[in-house]
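Here's the structure, in structure tokens; my notes come after.
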Amino acid sequence: MVKKKLPLFPLSLLLLTFLVSPAPSKTQIVSPSSIFAGGEWRLLHSNIGISAMHMQLLSNNKVVMFDRTDFGPSNLSLPNGQCRMDSNDSALKVDCTAHSLLYDVATNTFRPLTVETDTWCSSGAMLANGSLLQTGGYNDGDHTIRLLDPCETDQCDWIEYQDYLLERRWYATNQMLPDGRIIVVGGRRQFNYEFYPRNGESSSSTYWLELLRETKDVYENNLYPFLHLLPDGNLFIFANTKSISFDYTNNRVVREFPPIPGGEPRNYPSSGSSVLLPLQFGPGLDDRGTVQAEILVCGGAPQESFSNAKQGTFVPAVSTCGRLKVTDSNPKWEMEEMPLSRVMGDMLILPTGDVMIINGAASGTAGWDMAREPVTAPVLYQKDEPINHRFTVMHATTTPRLYHSTALLVPDGRILVGGSNPNPYYNFTNVLYPTELSLESFSPPYLAPEYNSMRPRILSATGFFTYKQFLYIRFAVADYRTASEVSIAILAPPFTTHGFAMNQRMVMLRVMSVAQFPWFVHEVSAVGPPSAEIAPRGYYLLFVIHAGVPSSGVWVKVQTQF
Ligand SMILES: *[C@@H]1O[C@H](CO)[C@@H](O)[C@H](O)[C@H]1NC(C)=O
Ligand SMILES: *[C@@H]1O[C@H](CO)[C@@H](O)[C@H](O)[C@H]1NC(C)=O
Ligand SMILES: *[C@@H]1O[C@H](CO)[C@@H](O)[C@H](O)[C@H]1NC(C)=O
Ligand SMILES: *[C@@H]1O[C@H](CO)[C@@H](O)[C@H](O)[C@H]1NC(C)=O
């Protein structure tokens, strides 16, 4: 058995406390660690020049961020004194400012990128070769795809292909597929899906998706559907309250799941969020189909929120999470109350396999100036705890992160938080919630210095491996427990926008043995993921977790055999 729960008090601290006071009460032992128990916020930049509306971490540890091109000058100049001329731009015909940048995690610096067409409310996914594929947007950008290669030089920039998409994709969702293609689903008034790359017979057609037509309301509200690739290769699609398992190859609904209880919509602008909980499997359970898959959906806004917010009434956000084991023969939503109601929260899978719910508001909905009561405290969801004991409220920041805010995990285990712009322009005055150009980091409790003696440091890892192949990871740890407390996780870096982390997925690798070497060094042998349905090929962050304490992540690539 592999334990993933974070220990309450590290051994070293326990000993120390015993020396100081021979008969300590429980609270005395716990209290030193409680300083960091709620995590820690840091301001990285008060002004990066743009508002981080969309973000993706690349395999060179740089984060691509972008907002939109049609809402006036940002506070960051385009490189080399360039200007973008667009006679159709509704805000600015000649714009010499950037609306995208590349942030370097290690140095905390950034440089502008050049995006020509409008990327507003678009989608994306990292391709198997490490390039970011971004799809759609608004106006001149709504049929555009854009590619950004990760590179070590300062040369790489967006390459745009206008009119690549068959339909307008504004508020669509992407997911990487086992064969390396990306499926692009929905968007405003688009009850269909298409693929990247666009090749073969299917190049001229999109495919109908009835679920999207059926779940929209009078305001067309069910956007940015939640997609998760299931272990059997079918696609889980959730829109507002309904969800299905969908065979996208044959355009066939495989299963209809029960609607989420409560009847409250969970998709844009009732923006809740969703994750596929980490996929794990034990001995003898490594074939496709036998892995269990659980979906978690949290937060949202009641049906009437949108029309009420338009009239200036801000209805409390949804307070529940639903968890559904989709691989059960008769799955039922298990409902749970969050300590804080939330709309527009982001849900991020942490290296420990737990989930951080961060950003958003306690009343209103997504949309221009449509939310109130920013929820500045993240909430930790510990998936292996019993129901009603899973949530812990973290320390709050002071910056509201509302509509158009984002968050993602970086390799050292921190969460990068940016954006928030509930205004149709860059508005810094005369508005309730000004456009946010700042960038913050949030360090979850597992980064507390008192866990450092138990924190594994990865010395080397097999960088490229294929399905079911053995791989080896060497790590050093000062205070080693037992092999049963070592686990290995790989995490696909998501594209995050509008509260949903597209393509986010964690797979636990099967640990075969842990060998002990001198000088605190250990070597784990583990087995690569069983199939491309469980882990599509591409780049992942690999973490070693020891006694609940995660290492920093290193990049590995899952690939097919040559
Ligand atoms: C960014 O804002 C500062 C302060 O308002 C201003 O001095 C600077 O010129 C701005 N830069 C750009 C590129 O807009
Ligand atoms: C402006 O829009 C028109 C109509 O869609 C199009 O024909 C023209 O090429 C656009 N101009 C630019 C500079 O994009
Ligand atoms: C990845 O593949 C795409 C084509 O799908 C290509 O445009 C891009 O340059 C490739 N990236 C790398 C890093 O090779
Ligand atoms: C927001 O900014 C735009 C463009 O600068 C301006 O036209 C508009 O009046 C501003 N809105 C408010 C509420 O200040």
Side-chain angles (χ1 to χ4, degrees), residues 45-51 56-62 64 67-84 89-102 110-114 120 124-135 144-153 155-162 164-165 174 176-177 179-184 194-200 203 312 367-370 402-404 420-439 464 493 536-539 555 557 559-560:
H45 285 277
S46 57
N47 182 354
I48 56 168
I50 69 162
S51 194
Q56 168 81 52
L57 172 69
L58 302 178
S59 59
N60 57 5
N61 293 335
K62 298 199 167 105
V64 189
D67 48 26
R68 48 185 289 208
T69 56
D70 63 345
F71 68 154
S74 75
N75 198 238
L76 181 66
S77 297
L78 277 172
N80 314 319
Q82 297 171 79
C83 294
R84 201 171 48 86
D89 192 302
S90 48
L92 207 56
K93 313 286 177 216
V94 180
D95 188 353
C96 305
T97 67
H99 297 280
S100 176
L101 61 77
L102 200 56
F110 55 91
R111 68 174 175 91
L113 295 176
T114 316
W120 184 31
M126 192 196 266
L127 297 174
N129 70 7
S131 290
L132 170 62
L133 170 76
Q134 183 281 349
T135 46
T144 305
I145 64 160
R146 304 164 188 83
L147 281 151
L148 186 78
D149 294 346
C151 65
E152 291 309 326
T153 66
Q155 301 307 310
C156 39
D157 209 328
W158 288 106
I159 298 171
E160 302 190 35
Y161 301 88
Q162 251 184 304
Y164 187 97
L165 295 168
N174 295 11
M176 164 73 97
L177 299 174
D179 62 7
R181 287 183 300 167
I182 306 288
I183 190 168
V184 186
E194 62 183 286
F195 299 94
Y196 172 89
R198 206 177 68 176
N199 52 14
S203 67
W368 301 134
D369 191 31
M370 286 215 184
L402 303 168
Y403 188 40
H404 291 147
S420 186
N421 190 9
N423 316 300
Y425 298 93
Y426 294 99
N427 290 97
F428 305 106
T429 51
N430 305 324
V431 288
L432 191 54
Y433 298 110
T435 305
E436 237 349 293
L437 304 181
S438 68
L439 196 63
F464 302 86
R537 56 183 208 270
Y539 287 88
W555 289 100
K557 193 177 181 195
Q559 56 191 16
T560 44

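Along the sequence shown, residues are numbered consecutively beginning with 1. From a predicted model like this one, the values you see are computed outputs, not experimental measurements. Counting starts at 1 for both ligands and their atoms, in listed order. Every heavy atom of this structure was used, including side-chain atoms; hydrogens, water molecules and symmetry mates were not.
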Notebook entry, point to check: Which heavy-atom pair separates Leu147 from Ser131 by the least distance, and what is that distance?
Noted result: CD2-CB, 4.3 Å
Item checked: Residue Ser131 vicinity, atoms of ligand 3 by number, heavy atom under 4.0 Å -> 1 (C), 8 (C), 10 (C), 11 (N), 12 (C), 13 (C)
Check: Do any N or O atoms from the side chain of Gln56 and from the backbone of Pro493 form a donor-acceptor pair under 3.5 angstrom?
Finding: yes
Notebook entry, point to check: In a check of side-chain contact (heavy atoms from CB on, under 4.5 Å) between Ser51 and each of Asn75, Thr435, Asn423, which one passes?
Noted result: Thr435
Next item on the list: Using a strict 4.0 Å cut-off to heavy atoms of Leu147, name the atoms of ligand 3 that fall inside it.
Entry: 7 (O)
Check: Of the backbone atoms (N, CA, C, O) and the side-chain heavy atoms from C-beta on, which set of Asn129 has a member under 4.0 Å from an atom of ligand 3: side chain, backbone, both, or neither?
Finding: both
Output block, N or O contacts of ligand 1, threshold 3.5 Å exclusive:
unit_1   : atom_1 : unit_2 : atom_2 : d
ligand 1 : 2 (O)  : Asn75  : OD1    : 3.0
ligand 1 : 2 (O)  : Asn75  : ND2    : 2.4
ligand 1 : 11 (N) : Asn75  : ND2    : 3.0
ligand 1 : 14 (O) : Asn75  : ND2    : 3.1

Checklist line | Per-atom contacts, ligand 4 versus Val431 - under 4.0 Å to a heavy atom | finding: 13 (C)
Check: Is it true that the side chains of Asn174 and Thr135 contain a donor and an acceptor less than 3.5 Å apart?
Finding: yes
Checklist line | His99 side chain to Arg68 backbone, donor-acceptor under 3.5 Å | finding: yes
Next item on the list: State, without any angle test, whether Asp67 and Tyr426 hold a side-chain donor-acceptor pair at a distance under 3.5 Å.
Entry: yes
Note to self: Considering both backbone and side-chain atoms of Asn427, is one of its nitrogen or oxygen atoms within less than 3.5 Å of a nitrogen or oxygen in ligand 4?
What the structure shows: yes
Notebook entry, point to check: Can you find a non-hydrogen atom of Asn423 under 4.0 Å from ligand 4?
Noted result: no
Checklist line | Closest non-hydrogen atom pair, Leu113 against Leu148 | finding: CD1-CD2, 4.1 Å
Note to self: Is it the case that the ring center of Tyr164 lies less than 6.0 angstrom away from the ring center of Tyr196?
What the structure shows: yes
Notebook entry, point to check: At their closest point, which heavy atom of Met176 faces which heavy atom of Leu127, and how far apart are they?
Noted result: CE-C, 3.7 Å
Check: Relative to ligand 3, is Tyr196 under 4.0 angstrom through side chain, backbone, both or neither, heavy atoms considered?
Finding: side chain
Margin query: Quick check: closest heavy atoms across Leu76 and Ser100, and the distance to 0.1 Å?
Written below: CD2-O, 4.3 Å
Notebook entry, point to check: What atoms of ligand 3 come closer than 4.0 angstrom to any heavy atom of Asp149?
Noted result: 8 (C), 9 (O), 11 (N)
Checklist line | Per-atom contacts, ligand 4 versus Thr429 - under 4.0 Å to a heavy atom | finding: 14 (O)
